[in-house]
Number of protein chains: 2
Amino acid sequence: MCCAPLVRDPLSAEQSVDLARVFKAMGDPVRLRLLSLIASHAGGEACVCDLTDVFDLSGPTISHHLKVLREAGLITGERRGTWIYYRVCPDLLARASAVLVPDR
Amino acid sequence: MCCAPLVRDPLSAEQSVDLARVFKAMGDPVRLRLLSLIASHAGGEACVCDLTDVFDLSGPTISHHLKVLREAGLITGERRGTWIYYRVCPDLLARASAVLVPDR
DNA sequence: CTCCTGATTCGATGACTGTCGAAGCAGAGG
DNA sequence: CCTCTGCTTCGACAGTCATCGAATCAGGAG
């Protein structure tokens, strides 16, 4: 990644593969909501235990979604003592956002 | 749709379902590239025949991806005579983009 | 060391998705 | 009417994915 706005120049095959990976990670309601919960949480980070309670889903499932977000580069996790804290990577979000709209 | 930026307030369950539908549609390299080809094409619209040649994919497959984009509300198709022309819906793209970054 | 708790990994399973060829549909032109 | 061409729909199949319970790992506390 990346790249001129989508509406200006056609994406190359490689660019579209990279970009699609990010959008695909965001293409699940649970993951989008996780992303939002982490991003909007006080201090810019959230512990997994804060996230699990919000959903009617098992721990392993939440963990799986966090892994997908992590592998897409959208979040990072850091262990501090007993708990693991996640925070978002704002620049990847910003880049993904920028591709969707024309230059100003 | 929608909605305060992702990083300001946590998405509701309903919002995340709606939004995820859009990102999911963009979560495939072929579809992202189709979107880009249509958006960046002269006149803001492209005929299916313009699109098919770019990929090593069968007609039905391209048609399938266009349908997914159409059902996500990202593009609209209009038949004029023999050919069908697609164009993007810029406001949905803009809204999806806006959710990803904080207010200015 | 042993137990407890928070979180991830593993393995299985049912559902969904990308792809194709074949068939169908819609206009244009004989 | 028939035929040709552009595009979509249908049916099938292989691959991927979301989900769970069970097992595992990593620290903290006794």
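Proteins get letters first, then strands, A, B, ... in listed order; numbering begins at 1 in each.
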S.K.: Using heavy-atom distances to pick each residue's nearest nucleotide on DNA chain D, tell me which of A:G81 and A:H65 is more 5'.
M.R.: A:H65

S.K.: Mind calculating the distance between CZ (A:R79) and C1' (C:dG6) to the nearest angstrom?
M.R.: 7 Å

S.K.: Are any side-chain N or O atoms of A:S63 and backbone N or O atoms of A:G59, one a donor and one an acceptor, separated by less than 3.5 Å?
M.R.: no

S.K.: Estimate the overall bend of the helix from C:dC1-D:dG30 to C:dG30-D:dC1 from the end axes over five pairs each, rounded to 10 degrees.
M.R.: 10°

S.K.: Look at A:Y86 and C:dG6 and indicate whether a side-chain polar atom (N or O) is within less than 4.0 Å of OP1 or OP2.
M.R.: no

S.K.: Atom pairs under 3.5 Å, N or O on each side, protein against nucleotides 10-12 of chain D: can you list them with distances?
M.R.:
none

S.K.: Is there a side-chain contact between B:D28 and A:K24, using heavy atoms and a 4.5 Å cut-off?
M.R.: no

S.K.: Can you pull every protein N or O that's under 3.5 Å from an N or O on nucleotides 12-17 of chain C?
M.R.:
residue: C:dT17; atom: OP1; partner: B:K24; partner atom: NZ; Å: 2.8

S.K.: Any base atoms under 4.0 Å from B:I62, or only sugar-phosphate, or nothing? Heavy atoms, all strands.
M.R.: nothing

S.K.: Output a table of nitrogen or oxygen pairs between the protein and nucleotides 2-5 of chain C separated by less than 3.5 Å.
M.R.:
none

S.K.: Could you tell me whether the side chain of A:M26 reaches within less than 4.5 Å of the side chain of A:L93, counting heavy atoms only?
M.R.: yes

S.K.: Looking at A:G81, is its backbone amide N or carbonyl O close enough to the side chain of A:R79 to form a donor-acceptor pair, meaning the two atoms are under 3.5 Å apart?
M.R.: yes

S.K.: Among residues 42-52 of chain B, which residues get a heavy atom nearer than 4.0 Å to DNA chain D?
M.R.: B:C47, B:V48, B:C49

S.K.: With a cut-off of less than 4.0 Å, is there a side-chain N or O of A:T61 near OP1 or OP2 of D:dT19?
M.R.: no

S.K.: Let's go through A:R70 and A:Y86 carefully: what are the C-alpha distance in whole Å and the side-chain angles of both, what is the deciding distance for side chain to side chain contact (heavy atoms under 4.5 Å, CB included) to 0.1 Å, and is it a yes or a no?
M.R.: CA-CA 9 Å; A:R70 219 186 314 131; A:Y86 281 98; 3.2 Å; yes

S.K.: Looking only at atom types and distance, does a side-chain atom of B:S16 sit under 3.5 Å from a main-chain N or O of B:A13, one as donor and one as acceptor?
M.R.: yes

S.K.: Closer than 4.0 Å, any side-chain N/O of B:S58 to the OP1 or OP2 of C:dC20?
M.R.: yes

S.K.: Under 4.5 Å between any side-chain heavy atoms of A:I62 and A:L66, yes or no?
M.R.: yes

S.K.: May I ask you to decide if A:S36's main-chain N or O and A:S40's side chain share a donor-acceptor pair within less than 3.5 Å?
M.R.: yes

S.K.: Please give me every residue in residues 68-76 of chain B whose heavy atoms get under 4.0 Å of an atom in DNA chain C, ordered by residue number.
M.R.: none

S.K.: Looking across every strand, which nucleic acid part, if any, lies under 4.0 Å from B:F55 by heavy atom: base, sugar-phosphate, or nothing?
M.R.: nothing

